[in-house]
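Heads up: the structure comes next, in structure tokens.
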Amino acid sequence: MNIDARKGLLALSPLFVFVALYLITSLVAGDFYRVPITVAFLAASAYAIAISRGPLRSRVDMFSRGASGSQMMLMIWIFVLAGAFAHSAKVMGSIDATVNATLTVMPGQMIMAGLFLAACFVSLSVGTSVGTIVALTPIAAGVASQTGASVPVLVAVVVGGSFFGDNLSFISDTTIIATQTQGCRLSDKFKVNSFIVVPAALVVLAVYFVQGQGISSPQSIPHVEWIKVTPYLVVLLTAIAGLNVLVVLSIGIALTGLTGLFTGGFADIFSWMQSLGDGIVGMGELIVITMLAGGLLEIIKHNGGIDYIIERLTRRITDKRGAELSIAALVSIVNLCTANNTVSIITVGSIARQIGKKYGIDPRKCASLLDTFSCAVQGLIPYGAQMLMAAGLASISPVQIMPWLYYPLAIGIAALIAIVLRYPRRYSS
């Protein structure tokens, strides 16, 4: 490839427009609610369509294909079901009961560390960050309101921990794709990855333990209605058992209805259906954002923005360290452009393997770097599905969560140190 710099930067310019409109304008205004993220995406999308070549109808069709691709529609299905489950669980008292149970079992000082450990365990079991966020975010928000802790901080604890399993789990799609593209075994990649990210997780856990010392449990905790905790327990257990997240959420929705009707949480079946409808409507903005982002990124890819990044970053590699840094930069920048860590690994996986072969990089280390850096970036961008989902469930802005995302930042730093210091030695020589 030899892509002209002007064409490459022009292809990437819609992303710059989005960043300028949303992040920079919000920072200048000092208020992240001043510029709705939907408006920023709409303006960037309109700009992307305007600068693309071809008949207007074909450009709009291209945008629509990206907005309605299989990955986008799967996320929308998850958002719809998650909204229905979360709101119906809230209305019938399941969230309050689960929060009260959490406060009864766990001392206030252990809440932050406990939530992080729970998110790590659940995500490692289910292999998905989104499923973990759906299950634990409402609980984190409820605990925050009961204890006086910051909602963005506790939600960030859950979001960060959810990437522990996304990065390490044997059934995580990012792990599977990273190992397949690099031609190594899941178990070998797990070993290399553990050397890099487990120390980072332990450091973050210690930080949460110290930071959580200022949180105290409420003076009086209401009586726990354990039967209303059932929907959340079943959702967690079925998720851990490895069921598809769509099936898990469908089971959860059915249980909220049955439990609510049995306990009087819902007056009748119509009030349950109304709560489901309200929950789905509440996800409307999130669904619009997802579709606009999908269409925008499809146009960036079509116009050569991704190819330009790849071509530029692989131009001046001279040694193993430089090769590993280029792989890290490749998957990170592509993740910024696609807002999907799975797609970013698929996009650069074959290129990373070629770089690895040319410079003698161990495929296990290469797979680990791909997965770790993609998860680190995905966990930090405010327009990623995980952040949007968490913010939507907690009714806060994604940007409010960002300053407290210790774990994604920690694994990114740990992976960078692993490159510079040639660690782990066995897989870096």
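Index from 1, following the sequence. Given the structure is predicted, the values throughout are model-derived calculations rather than measurements.
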Are any side-chain N or O atoms of [X] and backbone N or O atoms of [Y], one a donor and one an acceptor, separated by less than 3.5 Å?
X	Y	answer
Thr372	Leu369	no
Ser368	Arg364	no
Gln182	Gly349	yes
Thr174	Asp166	yes

Of the non-hydrogen atoms in [X] and [Y], which two are nearest, and what is the gap between them?
X	Y	answer
Asp371	Ala178	CB-CB, 4.4 Å
Ala118	Leu136	C-CD1, 4.0 Å
Ile176	Leu186	CA-CD2, 4.1 Å

[X]: what forms a ring pair (Phe, Tyr, Trp, His ring centres under 6.0 Å) with it, not counting sequence neighbours?
X	result
Phe41	Phe18
Phe163	none
Tyr47	none

Find out whether [X] and [Y] are in side-chain contact, i.e. whether some heavy atom of one side chain is under 4.5 Å from a heavy atom of the other.
X	Y	value
Pro138	Lys90	no
Pro14	Ile51	yes
Ile49	Leu56	yes
Ile78	Leu246	yes
Phe209	Leu205	no
Tyr208	Val153	no
Cys375	Ile411	yes
Leu330	Phe373	no

Partner residues of [X] under the salt bridge (charged side-chain N to carboxylate O under 4.0 Å, His left out) criterion, sequence neighbours left out:
X	answer
Arg185	Asp188
Arg422	Glu324
Arg53	none

Ile251 vs Val235, side chain to side chain contact (heavy atoms under 4.5 Å, CB included): CA-CA, chis, key distance, verdict | CA-CA 7 Å; Ile251 293 173; Val235 163; over 6 Å; no
So, taking the atom named [atom1] in [X] and the one named [atom2] in [Y], what distance separates them when rounded to the nearest 0.5 Å?
X	Y	atom1	atom2	result
Leu296	Ile289	CG	CD1	13.0 Å
Leu168	Thr175	CG	OG1	7.0 Å
Lys189	Asn193	NZ	CG	4.0 Å
Lys357	Cys366	NZ	SG	11.0 Å
Met387	Ser397	CE	OG	8.0 Å
Met389	Thr137	CE	OG1	8.5 Å

Could I get the full list of side chain to side chain donor-acceptor pair (under 3.5 Å) partners for [X], not counting sequence neighbours?
X	result
Ser374	none
Tyr427	none
Thr181	none
Ser344	Asn335

Residue pairs passing the salt bridge (charged side-chain N to carboxylate O under 4.0 Å, His left out) test with at least one member in residues 275-303, sequence neighbours excluded, are none
Could you walk me through whether Asn303 and Leu10 pass the side chain to side chain contact (heavy atoms under 4.5 Å, CB included) check?
-> CA-CA 8 Å; Asn303 289 340; Leu10 182 64; over 6 Å; no
Do NZ/NE/NH1/NH2 and the carboxylate oxygens of Arg57 and Asp61 come within less than 4.0 Å?
-> yes
Would you tabulate the side-chain donor-acceptor contacts of residues 154-161 under 3.5 Å, counting partners in other chains and residues two or more places apart, or write 'none'?
none

State whether the number of non-hydrogen atoms from other residues, nucleotides or ligands found under 6.0 Å of Tyr423 atom OH is greater than 12.
->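 Above 12, so yes.
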